[in-house]
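Every number for a ligand or one of its atoms is a count from 1 in the order of the listing.
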Amino acid sequence: MTIIVTGGAGFIGSNFVFHMLSRYPDYRVVCLDKLTYAGNLSTLKGVMDNPNFRFVKADICDREAVFQLFEEEKPDIVVNFAAESHVDRSIEDPGIFLRTNILGTQTLMDACCRYGVTRYHQVSTDEVYGDLPLDRPDLFFTETTPIHTSSPYSASKASADLLVLAYHRTYGLPVSISRCSNNYGPYHFPEKLIPLMIANCLNDKPLPVYGDGLNVRDWLYVEDHCKAIDLIIHKGRVGEVYNIGGHNEMRNIDIVRLICKALNKPESLITYVADRKGHDMRYAIDPTKIHNELGWLPETMFKDGIVKTIQWYLDHREWWEEIISGEYRNYYEKMYTNR
Ligand code: NAD
Ligand code: DAU
């Protein structure tokens, strides 16, 4: 079995590569990644020498490179994690989101049609459903909730989802789609809420909370997401969408306070800054379908996962310090100075 994992040098993709190599010692795992600002080869150093692993630096929009790789590898399964993933960056510069997230998906699926795969899996997001109001805790996203996007990022992901379903219906491509809630865990890029707050706390820097900090996200430990995708690609039904989430809704401000407490830092570091444009209020996934059909349930409770995650950032300072000392400094200045 050969599986191509795109975006495998990023946060969730790398965790998925580790999961697959350890769970299936007879699988060949090929990682295709452009190594954008969010991709980091050092993340994969522990598997580079594994004979079942191959890394290829390429852009999923580069038709020639993608087709060449498919010609060489003849993959059975393709799992597409490659994407521009940060909402704030999509608000600053939507173009690259449309290119990678939509056209890159098209290129990969064209190669899948040409070379024949048993499964093309699209890693999507709960953000395609838009948001829910804070005063309706009874509402959740199901797979039939209408698509209703807020940011250029979520619009690009929703477009890709529609294209994936179109390739299934029109060309008979055996596809599946998963829509997951917010992940956290090792190798999470420090531009995102949890790692940003951990890094800033450790550096005694202000903790920039957008708006009033009352926005709610539904947090899932990354390993649980990887296990869900593993189940879907092996046992999930072709042409189906599966929501993934752990019923773990938290307000942003409560996450930031929890991180301060865990690192023994004063809450006076918390600084309220201008809100994100179009900021989604609440995400909440109903994972009944994946539970009933595939038996998936989250295994890591947030109270344990967040402790493990904070400890990982304490133990791997070199990984994130190298990132935040490079080009990231310009990004941080642009996004947060005088905000
Ligand atoms: P990430 O930004 O950490 O990693 C993205 C990876 O894709 C990087 O390694 C980057 O180099 C690579 N990449 C970007 N453009 C590429 C291109 N044109 N060609 C090849 N590789 C390219 O992202 P993540 O948080 O790991 O998210 C992975 C996927 O999961 C994305 O599709 C995202 O939409 C989805 N998702 C993320 C979350 C979350 O909480 N992080 C939740 C649900 C869904
Ligand atoms: O729900 C799934 C999505 O989760 C994925 O599709 C995205 O790829 C992923 O980036 C994530 O999107 P969010 O926008 O929810 O994550 P982010 O970490 O950027 O922000 C989480 C919340 O924290 C959000 O309400 C904005 C807020 N925030 C974020 C940052 C970076 C702050 O208050 N301050 C910050 O500095």
Identify the closest protein heavy atom to atom 23 (O) of ligand 1: which residue and atom is it, and at what distance? Ser85 OG, 3.3 Å
The atoms of ligand 1 lying under 4.0 Å from a heavy atom of Ala58, numbered in the order shown, are 19 (N), 20 (C)
Of all the non-hydrogen atoms in the protein, which one sits nearest to atom 9 (O) of ligand 1, and at what distance? Asp33 OD2, 2.6 Å
Under 3.5 Å side-chain donor-acceptor pair for Asp126 and Ser181: no
Within reach of ligand 2, part of Asp126 (heavy-atom separation under 4.0 Å): side chain
Of all protein heavy atoms, the one nearest atom 27 (O) of ligand 1 is Ile12 CD1, 3.9 Å
In ligand 2, which numbered atoms sit nearer than 4.0 Å to a non-hydrogen atom of Asn182? 1 (O), 2 (C), 4 (O), 11 (C), 12 (O), 13 (P), 15 (O), 16 (O)
Measuring centre to centre across the rings, with the benzene-like ring taken for any Trp, is Tyr187 within less than 6.0 Å of Trp312? yes
Pair Glu293 + Lys235, salt bridge at N-O below 4.0 Å: no
Going by the 4.0 angstrom heavy-atom rule, the piece of Glu127 near ligand 2 is side chain
Just checking, any donor-acceptor pair under 3.5 angstrom between side chains of Glu327 and Asn330? yes
Under-4.0 Å salt bridge between Asp280 and Arg217: no
Quick one: does Ser181 get a heavy atom under 4.0 Å from ligand 1? yes
Give me the other members of the hydrophobic cluster that Phe97 sits in, counting Ile, Leu, Val, Met, Phe, Trp and Tyr linked by side-chain heavy atoms under 4.5 Å, directly or via other members. Val87, Ile91, Ile96, Tyr153
Is it the case that ligand 1 has an N or O less than 3.5 angstrom from some N or O of Thr125? no
Within less than 4.0 angstrom of ligand 2, does Lys157 place any heavy atom? no
Identify whether the distance between the nearest side-chain nitrogen and carboxylate oxygen of Glu249 and Arg282 falls below 4.0 Å. yes
Polar contacts were defined as any N/O atom of the residue lying under 3.5 Å from an N/O atom of the ligand; does this apply to Ser181 and ligand 2? no
The protein heavy atom nearest to atom 10 (C) of ligand 1 is Thr36 OG1, 3.3 Å
Closest to atom 35 (C) of ligand 1 among protein heavy atoms sits Val123 CG1, 4.0 Å
Of Ser90, Gly245, Pro208, the one whose closest heavy atom lies nearest atom 34 (N) of ligand 2 is Pro208
For atom 4 (O) of ligand 1, grab the closest protein heavy atom and report residue, atom and distance to one decimal in Å. Gly10 CA, 3.5 Å
Inspect the surroundings of OH in Tyr272 and state if more than 12 heavy atoms from other residues, nucleotides or ligands are less than 6.0 Å away. yes
Is a salt bridge present between Asp59 and Arg99, judged by a nitrogen-to-oxygen distance below 4.0 Å? yes
Close N or O approach (Asn183, ligand 1; < 3.5 Å): yes
Indicate yes or no: does Glu72 engage Arg54 in a salt bridge with an N to O separation below 4.0 Å. yes
Looking at Glu240 and Lys289, is there a salt bridge between them, counting it only when a charged N and a carboxylate O are closer than 4.0 Å? yes
Is it the case that the side chains of Asp110 and Tyr167 hold a donor-acceptor pair, with the cut-off being a distance below 3.5 Å and no angle test? yes
Answer with yes or no whether the side chains of Tyr129 and Asn243 bring together a donor and an acceptor at under 3.5 Å. yes
Assess the side chains of Tyr115 and Glu73: does a donor N or O sit below 3.5 Å from an acceptor N or O? no
Counting only nitrogen or oxygen atoms and a 3.5 angstrom limit, does Phe11 reach ligand 1? yes
For ligand 1, is Asn182 a contact, meaning one of its heavy atoms is under 4.0 Å away? yes
of all protein heavy atoms, closest to atom 18 (N) of ligand 1 is Asp59 OD1, 2.9 Å
Give a yes/no verdict on whether any heavy atom in Gly8 is under 4.0 Å from an atom of ligand 1. no
Nearest neighbour in protein (non-hydrogen) for atom 21 (N) of ligand 1: Lys34 N, 3.1 Å
I want to know if ligand 2 touches Asp280 in the polar sense, i.e. an N/O pair below 3.5 angstrom. no
Just going by heavy-atom distances, which of Leu193, Asp275, Asn215, Asn183 is nearest to atom 21 (C) of ligand 2? Leu193
So if I count the atoms of ligand 2 from 1 in the order they appear, which ones are less than 4.0 Å from some heavy atom of Tyr336? 30 (C), 31 (C), 35 (C), 36 (O)
Does Tyr153 reach ligand 1, in the sense of a heavy atom lying below 4.0 Å from it? yes
Without hydrogens or angle criteria, can the side chains of Asp218 and His247 be said to hold a donor-acceptor pair below 3.5 Å? no
May I ask whether Met335 places a heavy atom under 4.0 Å from ligand 2? no
Decide whether an N or O pair under 3.5 Å exists between Lys157 and ligand 1. yes
Sidechain N-carboxylate O distance under 4.0 Å for Lys227, Glu299: yes
Would you say Phe81 contacts ligand 1, with heavy atoms under 4.0 Å as the rule? yes
